[in-house]
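Just so you know, ligand 1 is whichever comes first in the structure, and atom 1 is the first atom listed for that ligand. Numbering of residues begins at 1 and proceeds along the displayed sequence. For the numbers below, each heavy atom of this structure counts, side chains included, while hydrogens, waters and symmetry mates do not.
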Amino acid sequence: MCGIVGYIGPQDATPIILNGLKRLEYRGYDSAGLAVLENSHIEVRRDAGKLSRLIALVEESPLHGHVGIGHTRWATHGEPNARNAHPHMGMTGDVVVVHNGIVENFLELREELSAEGVVFNSDTDTEVIVHLVERYMSRETGLAEATRSALNHLRGAHGVVVFSSREPDKIVAARIGNAGGVVVGLGEGETFVASDMPAILEHTRRVVFLESRQMAVVTRSGVEVKTLDGAPVAYEVHNVAWDPIAAEKGAYRHFMQKEIHEQARSLTDTIGGRVDFEDGRIRLPELKLTPERAQRIQKIFITACGTAGHAGMVGKVLIERIARIPVELDIASEFRYRDPIIAKDDVVLAISQSGETADTLAAMEEARRKGATLWSIVNVIGSQAMRIADGYISMQTGPEIGVASTKAYTAPLVDLYMLAVLLADLRGALSERERRRLVNDLRRVPDLAGRCLDREAEVENVARTLLNVSHCLYLGRGINMPTAYEGALKLKEISYIHAEGYPAGEMKHGPIALIDRDMPVVVIAPKDPWYEKMFSQIEQAKARGGTVIALATEGDEMISSIADHVLWLPDTPWMLSPVTAVIPLQLLAYHIAALRGLDVDQPRNLAKSVTVE
Ligand code: AGP
């Protein structure tokens with residue numbers, strides 16, 4: 001997963017950047033690179049593979065200078081090879097850029113730039129950024145203004161760092177949305193830039209965080225921050241403790257809050273390397289899935305626990321809808337005891353963040369005994385659930401510390417979507433047009449997640465109104481029925497408020513009796529194929545005096561006119577709507593628990609990894 005480190009000051013930039021990148025290695029990456037201003041021109045070293053390969057390159061061909069930027073890349077557009085590794089230079093060789101995120105409109109921008117005579121040297125989306133900066137610099141604009149103009153062309157969420165040999169006294173960094181943070185570290189006569197604090201903490205504790213749509217002009221003597229509209233920003237300097245845990249938490253109060261906010265970035269990483277937007281195809285090489293094997297599958301059993309189980313429920317809808325393969329969903333602790341009927345070509349897919357959950361592992365063993373092919377979706381590389389599977393998909397979220405799972409819920413949703421598209425493609429179940437549409441929809445996911453995160457303050461306001469409730473009902477239908485389960489699970493596990501997720505259509509068969517003014521009802525009603533049914537659910541709850549908190553698509557005035565509170569969602573393709581719909585629910589649970597003063601990251605009676613049956 002991408003990491004960025006930059007330095008400007010009197011010291012040799014190379015070792016500082018390489019050490020910083022080392023501190024970000026835990027995030028996972030597939031190539032690395034470095035650009036340093038050496039004797040007034042920019043020198044780049046980059047290669048596929050691990051940082052040790054880059055270090056060897058630098059040893060063979062040293063680089064010395066006082067300004068530089070480095071990057072570890074997790075491929076999104078273009079293979080993980082040296083040519084696609086960052087940093088990327090422009091045509092003049094005077095400007096260089098590193099980037100985290102996905103340029104959603106890169107095909108359009110590439111065409112536009114190609115028509116202006118730009119020659120591209122990589123398959124990445126990132127390269128358009130450096131050419132745009134050069135375009136504006138050639139119009140006699142300085143680096144900062146040129147970068148600002150360039151960034152205003154980008155759609156999506158980004159962390160960008162750029163410098164130019166024409167203005168060796170500065171580095172320009174910017175953040176758009178939530179695809180990655182940008183932190184500036186203030187030293188004595190030297191300044192650091194990074195995507196994550198651990199990269200620079202050994203040098204300084206004084207840091208400035210960029211908010212979305214802000215840019216920093218970084219010099220040896222400090223930083224100037226402005227918005228992408230050009231307005232100056234009065235920033236706050238934070239003093240960070242050396243405590244590595246606190247450092248990891250950054251500006252967030254709890255890991256859970258940090259991890260919720262990491263989702264735009266973890267979703268970028270989830271897509272990274274797996275999606276070829278040009279071909280409109282998905283690659284999941286660790287599954288070792290051939291077209292013949294895909295065609296023989298008669299049935300898939302998904303098995304998991306808790307939050308991972310809710311992801312599995314969404315996966316069932318996706319695989320059945322997209323790949324037309326029947327899917328059975330089992331809570332892992334039930335699977336092994338129900339003597340499931342598994343045929344020889346069936347697949348059992350286990351989902352587990354930790355990869356060490358005893359019930360899930362037991363279910364996998366049972367499946368193995370019955371001769372199934374075993375797949376897993378895991379977050380922890382090297383975990384048991386990964387090792388015993390015949391093929392796996394890794395979640396790419398980075399470590400999840402908070403006991404309440406958040407980013408390790410949205411990542412497998414996207415993994416399952418990609419799996420469904422891949423299966424459908426290998427089985428010839430999709431037209432090319434349909435496949436391309438489904439693949440293309442993935443491009444917007446990190447930014448859509450970021451837009452939910454931008455509404456945190458609104459969610460916190462709603463949380464204040466629910467602080468003292470004792471019960472809460474969550475209703476969803478279709479692909480968002482599991483969202484209701486997951487929202488309720490989040491609330492109960494960290495706030496200790498009794499919460500139940502329910503399929504909305506079941507209300508009339510009993511639970512509707514519970515509704516009165518003391519029972520808030522969270523209704524998940526985005527514009528998906530179940531919208532009208534959910535709308536009438538809101539009316540029914542209102543008619544019985546219930547307080548309704550509706551999750552609705554931005555601009556839905558019908559819902560805002562009847563619900564007591566609305567948590568707005570960006571318009572999301574419905575098969576990906578569980579990814580965005582869950583984010584306000586995670587934030588809601590988080591803020592209720594935080595406002596109640598509870599131990600959000602380590603709720604009572606719970607463990608991160610449940611290794612007992
Ligand atoms: C979620 O917030 C939980 N803490 C819990 O339900 C968790 O998802 C479950 O224990 C499964 O864990 P796993 O993904 O590590 O297998």
For this session: Mind telling me whether W530 and W574 have parallel, tilted or perpendicular rings, with 30° and 60° as the class edges?
Result: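 The arrangement is perpendicular - the two ring planes meet at more than 60°.
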Quick one: CG on L475 to CD on Q537, what's the gap to the nearest 0.5 Å?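 Taking CG in L475 and CD in Q537, the distance rounds to 5.5 Å.
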Expected rows: ligand 1 N/O, protein N/O, dist below 3.5 Å:
{"from": "ligand 1", "atom 1": "2 (O)", "to": "T307", "atom 2": "OG1", "distance (Å)": "3.3"}
{"from": "ligand 1", "atom 1": "2 (O)", "to": "S405", "atom 2": "N", "distance (Å)": "2.8"}
{"from": "ligand 1", "atom 1": "2 (O)", "to": "K490", "atom 2": "NZ", "distance (Å)": "3.0"}
{"from": "ligand 1", "atom 1": "2 (O)", "to": "E493", "atom 2": "OE1", "distance (Å)": "3.3"}
{"from": "ligand 1", "atom 1": "2 (O)", "to": "E493", "atom 2": "OE2", "distance (Å)": "2.4"}
{"from": "ligand 1", "atom 1": "4 (N)", "to": "V403", "atom 2": "O", "distance (Å)": "3.0"}
{"from": "ligand 1", "atom 1": "4 (N)", "to": "E493", "atom 2": "OE1", "distance (Å)": "3.2"}
{"from": "ligand 1", "atom 1": "6 (O)", "to": "T307", "atom 2": "N", "distance (Å)": "3.3"}
{"from": "ligand 1", "atom 1": "8 (O)", "to": "T307", "atom 2": "N", "distance (Å)": "3.1"}
{"from": "ligand 1", "atom 1": "14 (O)", "to": "Q353", "atom 2": "N", "distance (Å)": "2.6"}
{"from": "ligand 1", "atom 1": "15 (O)", "to": "S354", "atom 2": "N", "distance (Å)": "2.9"}
{"from": "ligand 1", "atom 1": "15 (O)", "to": "S354", "atom 2": "OG", "distance (Å)": "2.7"}
{"from": "ligand 1", "atom 1": "15 (O)", "to": "T357", "atom 2": "OG1", "distance (Å)": "3.3"}
{"from": "ligand 1", "atom 1": "16 (O)", "to": "S352", "atom 2": "OG", "distance (Å)": "2.6"}
{"from": "ligand 1", "atom 1": "16 (O)", "to": "T357", "atom 2": "OG1", "distance (Å)": "2.5"}

Can you tell me if [X] and [Y] form a side-chain donor-acceptor pair at under 3.5 Å?
X: Q263; Y: T410; answer: yes
X: K527; Y: S577; answer: no
X: E262; Y: T397; answer: no

* With sequence neighbours left out, write down each residue that passes ring-ring contact (aromatic ring centres under 6.0 Å, His included) with H254, or none if nothing qualifies. =>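 Here the qualifying residues are Y590.
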